[in-house]
**Q** 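Handing you a structure now.
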Amino acid sequence: SAVISQKPSRDICQRGTSLTIQCQVDSQVTMMFWYRQQPGQSLTLIATANQGSEATYESGFVIDKFPISRPNLTFSTLTVSNMSPEDSSIYLCSAPLAGDRNEQFFGPGTRLTVL
Amino acid sequence: QKEVEQDPGPLSVPEGAIVSLNCTYSNSAFQYFMWYRQYSRKGPELLMYTYSSGNKEDGRFTAQVDKSSKYISLFIRDSQPSDSATYLCAMPLGGGYQKVTFGTGTKLQVIP
């Protein structure tokens with residue numbers, strides 16, 4: 001089955017700093033998605049990362065806070081900028097794989113704690 | 001009203017019980033329905049995927065869809081302690097490469 005990996009798996013960061021999360025897919029995909037899962041909550045879509053164009057952000061999320069790169073069809077990064085404790089969350093990337101574009105597969109997540 | 005409603009639980013059942021997990025949705029455009037299982041400190045794992053009304057069975061798991069009532073269910077037979085996890089229903093709008101709307105998840109605990 002397809003594999004999606006993320007780095008780092010977890011991090012503890014200071015307020016005001018930035019963290020870049022990497023997502024690697026073992027097959028080429030047109031779109032990748034970034035989600036946030038706050039403690040005890042479900043998944044909230046942050047943005048859709050398109051290869052070769054700017055990411056599309058959902059309501060409540062802006063590029064200055066969550067810049068995204070998508071340099072090729074197997075890789076994406078999400079940066080959480082100028083962090084505050086409210087950014088403490090699990091960040092997950094996903095991609096439609098296995099030949100069916102509606103089946104979303106997820107990476108293991110990055111657990112971020114901001115002090 | 002949220003597009004997808006799911007009872008957060010927690011739901012505790014004894015080992016061997018039949019578990020019923022449910023979601024309701026409001027958007028009649030949803031055509032595809034998925035169930036994810038998420039273990040603590042892990043990413044969601046796709047468990048079941050269906051796009052039609054009726055039942056779909058996979059081992060001990062059965063996904064049921066009733067589009068007329070906008071209601072979906074996941075049944076787990078002979079539940080095991082290893083089934084203890086959070087179960088999320090999810091619905092893409094379809095048509096390819098669409099974002100997915102998730103329910104809040106139901107936390108299940110199967111007690112040995």
**Q** Ignoring hydrogens and geometry beyond distance, is a side-chain donor-acceptor pair present between B/Gln80 and B/Ser82 at under 3.5 Å?
**A** no
**Q** In terms of side-chain heavy atoms, does B/Asn55 have a donor or acceptor partner in B/Thr62 at a distance below 3.5 Å?
**A**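 No, no side-chain donor-acceptor pair sits under 3.5 Å.
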**Q** Heavy-atom pairs under 4.5 Å with chain A: which of B/Ala90, B/Pro44, B/Gly105 has the most?
**A** B/Pro44
**Q** If every non-hydrogen atom of A/Pro67 is compared with every non-hydrogen atom of A/Tyr57, which pair is closest and at what distance?
**A** CA-OH, 3.5 Å
**Q** Would B/Tyr49 and B/Phe61 count as a ring pair (Phe, Tyr, Trp, His ring centres under 6.0 Å) here? Give the steps.
**A** CA-CA 11 Å; B/Tyr49 168 53; B/Phe61 299 90; over 10 Å; no
**Q** So which part of A/Leu45 gets closer than 4.5 Å to some heavy atom of chain B, the side chain, the backbone, both or neither?
**A**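 Just the side chain, heavy atoms under 4.5 Å.
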**Q** Using only heavy-atom distances, determine whether the side chains of A/Gln24 and A/Asp26 contain a donor-acceptor pair under 3.5 Å.
**A**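 No, no side-chain donor-acceptor pair sits under 3.5 Å.
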**Q** Look up atom OH in B/Tyr25 and atom CZ in B/Phe33, then write down how far apart they are to the nearest 0.5 Å.
**A**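 With rounding to 0.5 Å, OH (B/Tyr25) is 3.5 Å from CZ (B/Phe33).
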**Q** Roughly how far apart are B/Met91 CE and B/Gln31 CD, rounded to 0.5 Å?
**A**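 Here the interatomic distance stands at 12.5 Å.
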**Q** Could you list which of residues 72-80 of chain A have a heavy atom closer than 4.5 Å to any heavy atom of chain B, in residue-number order?
**A** none
**Q** Looking at B/Glu57 and B/Arg77, is there a salt bridge between them, counting it only when a charged N and a carboxylate O are closer than 4.0 Å?
**A**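 So B/Arg77 pairs with B/Glu57 through a salt bridge.
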**Q** Let me know if B/Glu45 has heavy atoms under 4.5 Å from chain A in its side chain, its backbone, both or neither.
**A**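 Answer is neither: B/Glu45 stays 4.5 Å or more from chain A.
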**Q** Ignoring hydrogens and geometry, is there a side-chain-to-backbone donor-acceptor pair from A/Thr17 to A/Gln14 under 3.5 Å?
**A**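 Looks like yes, one N/O pair under 3.5 Å.
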**Q** Ignoring hydrogens, what is the shortest heavy-atom contact between B/Leu88 and A/Ser42? Give both atom names and the distance.
**A**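 In this case the closest contact between B/Leu88 and A/Ser42 is CD2-OG, 3.4 Å.
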**Q** Side chains of A/Asp11 and A/Ile21: closer than 4.5 Å at any heavy-atom pair?
**A** no
**Q** Can you pull out the residues in residues 108-115 of chain A with any heavy atom less than 4.5 Å from chain B?
**A** A/Pro108, A/Arg111
**Q** Would you mind checking which part of A/Gln6 comes under 4.5 Å of any heavy atom in chain B, side chain (CB onward), backbone (N, CA, C, O), both or neither?
**A** neither
